[in-house]
Amino acid sequence: PCIPGRKSRNEPIKYDKRRCRRRNRIEIMFSRLKDWRRLATRYDKLARNFLSTAAIAALITYWIN
């Protein structure tokens, strides 16, 4: 598992902290990409157009932050 258990849990579960951080970064990136309405609603019908829009949005999001 890569998600840590709750603090109130009786028996703590071992988890990989590095994997948890990586997973969190990916989740944050997807939430930022979903801010782009065009990607969230998938206006583009063709897969290549959608992927190119996703690549441009990811690049701009990475560049801004």
Side-chain angles (χ1 to χ4, degrees):
C2 65
I3 301 173
R6 297 187 182 266
K7 292 180 181 180
S8 63
R9 189 177 177 95
N10 293 335
E11 296 177 21
I13 297 176
K14 290 186 177 184
Y15 68 97
D16 189 7
K17 291 182 181 181
R18 196 167 105 199
R19 185 182 284 180
C20 182
R21 274 189 241 122
R22 287 181 181 173
R23 182 177 171 272
N24 190 18
R25 283 185 184 173
I26 292 171
E27 286 181 0
I28 289 171
M29 185 64 180
F30 274 109
S31 68
R32 287 182 183 162
L33 285 177
K34 286 184 178 181
D35 287 342
W36 290 62
R37 184 175 178 198
R38 184 179 194 108
L39 287 175
T41 56
R42 185 145 185 182
Y43 282 155
D44 298 319
K45 300 296 180 193
L46 296 177
R48 68 171 186 213
N49 292 347
F50 178 75
L51 289 174
S52 63
T53 305
I56 290 170
L59 208 120
I60 291 172
T61 303
Y62 177 76
W63 182 54
I64 289 174
N65 293 324

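Since the model is a prediction, treat every value here as computed from it, not as a measurement.
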Requested in this report: Go through Lys45 and Phe50 one step at a time and tell me if the side chain to side chain contact (heavy atoms under 4.5 Å, CB included) criterion holds.
Outcome: CA-CA 7 Å; Lys45 300 296 180 193; Phe50 178 75; over 6 Å; no

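Shown here for Ser31 and Ile28, the closest heavy-atom pair between the two residues is OG-O, 2.7 Å.
Put simply, CG on Asp16 and CZ on Arg21 are 8.5 Å apart, with the number rounded to the nearest 0.5 Å. With values rounded to the nearest 0.5 angstrom, Ile60 atom CD1 is found 10.5 Å from Leu33 atom CG. Here Met29 contributes atom CE and Asn24 contributes atom CG; the two are 13.5 Å apart, rounded to the nearest 0.5 Å.
For Glu11, the side chain to side chain donor-acceptor pair (under 3.5 Å) test picks out no residue, with sequence neighbours left out.
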